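On a predicted model such as this, the values are computed, not experimentally measured, just so you know.
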Amino acid sequence: VREEHVAEVFKDARKREYLNAEGADKPLKSPIPRATLEKARLYRKQRLVAKVREHDCAAILLYDPVNIRYALDVANMQVWMMHNASHYALVCADGRGIAFEYPRSEHVAQGLATVDEIRPARSWFYFSSGTNLAARVEVWADEIAEIVRERGGHRNMRLAVDKMEPLGVDALRKRGVILVEGQELTEHARKIKSPEEMALMRWTIRVCEAGMARMYESSIPGKTENEIWAELHHENIRSGGEWIETRLLAAGQRTNPWFQECSDAVVKAGDMLSFDTDMVGPYAYCADLSRSWTVGHTRMTNGQRTLYAAALDQIRHNLSILKPGMSFPEFNDKSWRIPERYQPCRYSVALHGVGMVDEWPSVPTHVDFAGRPMQGHFEPGMVVCVESLIGEQGGPECIKLETQVLITETGTERLDTFPWEDA
């Protein structure tokens, strides 16, 4: 019965390809060799070490779990650590990597070639410290300053930091540490992907598209938005993925305005369903893809077809002009011009970088570029997501489309292949 149902829903044979060939009841099995993962780890750490040296720092202190994962590939309760600073790392200019792990979880960092030393983390946020907060900051700052002094040869006290609470800033400066903005280092280290990183990212996209196929199959009248959205989570988690950054799936009128979170709203036949995956999948890489289709896979109305065609025009045009060496202002000058009637509902960017999560650069649409000028240029090895959001203010629906693209030596390569709708 299920096979008959799938055959009916997946009339487009290309979409059926994304269901697991062994059956949708089984998770996808990764083909990534261990050697590929090891090379990706070492490449990433070397990229960051090079940036530390380039900025004449003794080390970089990382609190963002994504940056820690990039530098050392240590995963320790990632989402929890985003708001409970009990996991941090130091990557030194001489290449030494020190992982500070949540007490009694030090074993999660063992066995990694990127980690040279493991220490217990000294947390000092209020939840864990309470009235002892000030004293705990002092102990933490003594340890960090001592390491910086040692690794900097007692002459270089420059420490890059990606993010940190104000008390920590004051405590380190009191000890002679010169703080350097670290987000520039991490973003520019992460922007160029190695072939091994691309193998990991391609696998995440494969898992994401299998999840999208489940969503496609589940997009039938009577389902809730949450039920359809759960299919992507299901495929991601059972295939070794990690988390999904947003809840951006909506149907019908709830697609306009965009950025309404997924809900228990029941979808109806003919509703336009739009979503943005923002999926952090296996090996911590991101698949940031968007599609729109009708609930029940009914034929689009004339209004839906008009919106969809405009969104696809924007994607295809902006893809066609992308090339290595192009500056961001040049891309802006040549980018698709959003018709005035769609501008109030436009997306915030024309494209953005992506790696383990959304990354630098974030290039605004032509409507916003003058107020948010972005300098830089596209380089081989960068991966970007080309975006479109089309709808009219007060209109019934919005179309959301997005594709993930590798900048190559000669042009671009689309990484996702889940088909657009035949509008």
Side-chain angles (χ1 to χ4, degrees), residues 30 32 34 36-52 59-92 95-102 105-119 121 123 160-164 182-194 196-205 207-208 236-237 239-246 277-288 353-360 383:
S30 171
I32 303 298
R34 180 77 179 183
T36 299
L37 181 57
E38 295 289 353
K39 287 180 181 178
R41 288 169 172 165
L42 293 176
Y43 170 84
R44 296 190 312 236
K45 185 179 179 182
Q46 289 164 2
R47 286 277 305 177
L48 189 56
V49 168
K51 290 299 176 184
V52 172
I60 184 168
L61 175 61
L62 305 172
Y63 266 98
D64 186 331
V66 177
N67 285 333
I68 297 171
R69 189 69 183 271
Y70 180 85
L72 303 181
D73 210 21
V74 180
N76 194 342
M77 300 183 285
Q78 299 285 82
V79 176
W80 192 80
M81 293 299 182
M82 289 179 183
H83 58 93
N84 294 286
S86 299
H87 180 213
Y88 49 99
L90 270 171
V91 177
C92 306
R96 188 169 186 80
I98 306 173
F100 295 84
E101 301 301 324
Y102 189 81
S105 74
E106 292 88 348
H107 52 273
V108 302
Q110 291 174 352
L112 292 168
T114 52
V115 177
D116 301 289
E117 184 181 353
I118 304 170
R119 300 190 185 194
S123 61
V161 181
D162 62 351
K163 57 174 60 178
M164 192 165 56
Q183 291 187 47
E184 179 182 351
L185 279 70
T186 58
E187 292 288 338
H188 283 271
R190 285 161 47 176
K191 72 179 180 181
I192 304 297
K193 278 68 179 178
S194 70
E196 292 77 21
E197 280 191 279
M198 291 310 305
L200 304 179
M201 183 180 286
R202 289 176 199 277
W203 181 245
T204 279
I205 290 172
V207 170
C208 183
N236 186 37
I237 297 302
S239 298
E242 306 209 353
W243 73 84
I244 294 175
E245 298 235 85
T246 61
T277 61
D278 291 314
M279 190 190 94
V280 179
Y283 308 106
Y285 281 84
C286 183
D288 191 5
V354 67
M356 288 186 157
V357 290
D358 288 357
E359 296 177 351
W360 185 90
V383 180

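Ion pairing between Glu197 and Arg47 fails under the 4.0 Å rule for side-chain N and carboxylate O.
Pairing each heavy atom of Leu90 with each of Ala59, the nearest pair is CD2-CB, 4.0 Å. Here the closest non-hydrogen pair linking Ile32 and Ala199 is CD1-O, 3.6 Å. Between Lys191 and Lys193 the shortest heavy-atom distance is O-NZ, 3.5 Å. Smallest separation of non-hydrogen atoms from Thr186 and Gln183: OG1-O, 3.1 Å. The two residues Leu62 and Ile68 have their closest heavy-atom pair at O-CD1, 3.7 Å. Nearest approach of Met81 to Asn76, heavy atoms of both residues: CG-O, 3.1 Å.
The CG atom of Asp116 sits 8.0 Å away from atom CD1 of Ile98, with the distance rounded to the nearest 0.5 Å. Within the model, atoms CD1 of Ile205 and CG of Leu200 stand 11.5 Å from one another, a figure rounded to the nearest 0.5 Å. In this structure, Asp288 CG and Thr246 OG1 are separated by 8.0 Å, a value rounded to the nearest 0.5 Å. Taken to the nearest 0.5 Å, the OG atom of Ser123 stands 12.5 Å off from the NE2 atom of His87. Taking CD1 of Ile118 as the start and CG of Leu112 as the end, the distance is 8.0 Å to the nearest 0.5 Å. Annotation: the span from Trp360 atom CH2 to Glu184 atom CD amounts to 9.5 Å, rounded to 0.5 Å.
Put simply, the side chain of Tyr70 gets close to the backbone of Ala189: a donor and an acceptor are under 3.5 Å apart. Side chain of Lys45 to main chain of Gly95: a donor-acceptor pair is present (N/O by atom type, distance under 3.5 Å, no hydrogens or angles). Within the 3.5 Å criterion, the main-chain N or O of Tyr102 finds no donor-acceptor partner in the side chain of Ser86. A donor-acceptor distance shorter than 3.5 angstrom exists from the side chain of Asp162 to the backbone of Tyr63, with no hydrogens or angles considered. Within the 3.5 Å criterion, the main-chain N or O of Val66 finds a donor-acceptor partner in the side chain of Asp64.
In this structure, Phe100 and Tyr88 have parallel ring planes: the angle between them is below the 30° cut-off, well short of the 60° mark.
In this structure, Glu245 and Asp358 have side chains that are not in contact, with every pair of non-hydrogen atoms separated by 4.5 Å or more. At least one side-chain heavy atom of Pro282 sits under 4.5 Å from a side-chain heavy atom of Asn236.
Legend: residues meeting side chain to side chain contact (heavy atoms under 4.5 Å, CB included) with Lys39, ordered by chain and number and at least two apart, are Glu196.
Within a 6.0 Å sphere centred on OH of Tyr43, other residues, nucleotides and ligands contribute more than 12 heavy atoms.
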Q) Going through the distances and angles, do Leu42 and Glu38 end up as a side chain to side chain contact (heavy atoms under 4.5 Å, CB included)? A) CA-CA 6 Å; Leu42 293 176; Glu38 295 289 353; 5.6 Å; no
**Q.** From CA spacing to verdict: side chain to side chain contact (heavy atoms under 4.5 Å, CB included), Trp203, Ser239
**A.** CA-CA 10 Å; Trp203 181 245; Ser239 298; 5.7 Å; no
Q: Given side chain to side chain contact (heavy atoms under 4.5 Å, CB included), test Val280 with Met356 step by step and report yes or no.
A: CA-CA 7 Å; Val280 179; Met356 288 186 157; over 6 Å; no
(Q) For a side chain to side chain contact (heavy atoms under 4.5 Å, CB included) check, start with the C-alpha distance between His188 and Lys51, then their side-chain angles and the critical distance, and finish with the verdict. (A) CA-CA 8 Å; His188 283 271; Lys51 290 299 176 184; 4.0 Å; yes
